[in-house]
Amino acid sequence: MYTKSAFAAGLSALLVASVGTTALAAEVNIYSYRQPDLIAPLLDAFTKESGIKTNVLFLKKGLVERVKAEGENSPADLIFTVDISRLSNAKGEGITQPVESEAINATIPTNFRDPEGHWYGLTTRGRVVYASKDRVPQDAITYEELADPKWKGKICIRSGQHDYNLGLISSMISHQGEEKAEAWLRGVKDNLARKPGGNDRAQAKGVFAGECDLGIGNTYYVGLMKTNEKEPEQKEWADSIKVLFPNSADRGTHVNISGMALAKNAPNRDDAIKLMEFLASPKGQEIYAEQVFEYPVDPAAKASDIVTSFGDINADPIALEEIAKNRKAASVLVDKVGFNN
C-alpha cells in the first residue's frame, strides 16, 4: 500500500541524500488522482521487471496547483489522472513536458495522445446508457435519442457540470455545433426523471428502484458494482441494467481516458519515461485495464472478462484534444439551459 505519509517520508530522505551524494537509487515519483490501490499492481509489475522503485502521492484535488507551487524543486516525475480535461489543463498550466518515444507512439493511437507528446491516454471508459432490463426492450440507442420525448421522465443523470458529462456535451458540440447541442441538451433536460445529482452508481440505483428507465454513466462503474463485496446491494443495481453503447452503428460511443504526463521538472526523467513506456505496453495496459474495469487504448491489448461482458464498444474516433477545446462551451450550455435546476 502506498500512503501519503510514506511518500512524504521517502521524499524527505531523497532530498537529504541528494545533498550528500550523486548516486541515488533508481525511482520515480508519481502524483496521482487515481487511488493508490488501483495502480499498485501496475507499479509493482514495473518494479519487478525494471528494478525501479515508485513512490505515489495521492491527491483528491489541487494536483496542478501543487506542482506549480513546487516549481523547479518539484519532486514529481509523472502525473497520473483521469479525464481529458485534466490532462489538457495540466499541459495548459505548463506543468508537463513533451515526450517523444517510438515505443509509446507504437501502442497509443493518435486520437488518444497529445499531438505534441505532453500527455498519453492508457485506458478508456465509455459514457454509456444504463438501461433497465425489465422496462427497456431495445438494445440499441443514440445520444440524440435521449432528447426524444418518448423518454420524458425516464432519464437519470449526475450533475451536468461534472467532468464526465461535460466531456459528453463537448463531444456533442464537436459533432453538431453549439446550436444543435444546446437544443439536444434542452431535450435531455426535459426528459429527466429527477434533479441531476449523485454519482454514476446512483443512476444505476435509480434504474433498479424504478425511478427511471435510463441512467447515464461510465462503463467502469458497472464492473465496480458487479464486484463490490463490501456493499453487495450494488451487485443488484448492476444486475438490473444492461449496457447500451450509444451510436455504435454510426460515429461511435463517446469515450474518455485515464492517462499520464511527464512532469515539467521531473528529477528522474529517464526512469519516468521507462515507466511511461511500460504503462503504454500491451502488458502494462492489460494489468491497468483489468484493475480499473476499463478498455486498453491499444487495440492489441485485451480487456478483462468483466469488461468484455458489457459488449463490444465502437469508440468515437474523434481526437480527444478536439473535445477538450469545447469544455468551456459545454459548461456554459449547462448553465444556459438550467440543466441542473
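Here, residue 1 is the first one in the sequence, and each next residue gets the next number.
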Can you find a side-chain donor-acceptor pair between N268 and E27 that sits under 3.5 Å?
no

Is a side-chain donor or acceptor of E231 paired with a backbone partner of E233 at a separation under 3.5 angstrom?
no

Report the distance from atom CE of M276 to atom CG of L122, rounding to the nearest 0.5 Å.
8.0 Å

No-hydrogen, no-angle side-chain donor-acceptor test under 3.5 Å, Q203 and R158
no

Would you say S132 and D213 are linked by a side-chain donor-acceptor pair, where the criterion is simply a distance under 3.5 Å?
no

Under the 3.5 angstrom rule, does the side chain of S74 hit a backbone N or O of G71 as a donor-acceptor pair?
no

For the pair V297 and Y120, evaluate side chain to side chain contact (heavy atoms under 4.5 Å, CB included) and give the outcome as yes or no after the intermediate values.
CA-CA 10 Å; V297 299; Y120 293 87; over 6 Å; no

Indicate whether the side chain of N247 and that of D250 have a donor and an acceptor atom separated by less than 3.5 Å.
yes

Look at the rings of F245 and Y295 and say which category their plane angle falls in: under 30° parallel, 30 to 60° tilted, over 60° perpendicular.
perpendicular

Less than 3.5 Å apart, any donor N or O on the side chain of E70 or Y31 sitting next to an acceptor on the other?
yes

Under 3.5 Å, is there a donor on one side chain and an acceptor on the other for E277 and S101?
yes

Donor-acceptor pair, distance only, cut-off 3.5 Å: does the side chain of Q285 make one with the backbone of A280?
yes

N89 and R327: side chain donor to acceptor below 3.5 Å
no

Distance under 6.0 Å and angle within 45° of ring axis: R86 vs Y33
yes

For residues Q97 and N265, is any side-chain donor paired with an opposing acceptor at under 3.5 Å?
no

CD1/I79 to CG/L262 distance, rounded to the nearest 0.5 angstrom?
8.5 Å

To the nearest 0.5 Å, what is the distance between CD1 on I216 and CG on D200?
9.5 Å

Are the charged groups of D239 and K133 less than 4.0 angstrom apart, N to O?
no

Is it the case that atom NZ in K150 sees more than 12 heavy atoms from other parts of the structure closer than 6.0 Å?
yes

Check I30, T96, N29 against L78 for a side chain to side chain contact (heavy atoms under 4.5 Å, CB included) and give me the one that passes.
I30

CD/E290: more than 12 non-hydrogen atoms of other groups inside 6.0 Å
no

Is a donor on one side and an acceptor on the other found under 3.5 Å between the side chain of N218 and the backbone of R125?
no

Check ion pair D114-K91 (N to O, under 4.0 angstrom):
yes

Identified side-chain hydrogen bond (donor to acceptor under 3.5 Å, both in side chains) counterpart of N326 within the set S171, S331, S174:
S174

Is there a salt bridge (Lys or Arg N to Asp or Glu O under 4.0 Å) between K283 and E49 once you walk through the steps?
CA-CA 11 Å; K283 177 182 178 179; E49 183 173 298; 3.2 Å; yes

Ignoring hydrogens and geometry beyond distance, is a side-chain donor-acceptor pair present between T123 and E294 at under 3.5 Å?
yes

Any ion pair linking E211 and K205 (charged N to carboxylate O, less than 4.0 Å)?
no

Would you check if the side chain of N191 reaches a backbone N or O of L146 as a donor-acceptor pair within less than 3.5 Å?
yes

To the nearest 0.5 Å, tell me how far K264 NZ sits from D77 CG.
15.5 Å

May I ask you to check whether N199 and H162 show a side-chain donor-acceptor distance below 3.5 Å?
no

Can you tell me if K154 has over 12 outside heavy atoms packed within less than 6.0 Å of its NZ?
no

Looking at Q138, I want to see if its CD is surrounded by more than 12 non-hydrogen atoms of other residues, nucleotides or ligands under 6.0 Å.
yes

With the side chain counted from C-beta on, respond yes when K235 and E229 share a heavy-atom pair under 4.5 Å apart, and no when they do not.
yes

Between Y288 and F80, is the ring centre distance below 6.0 Å?
yes

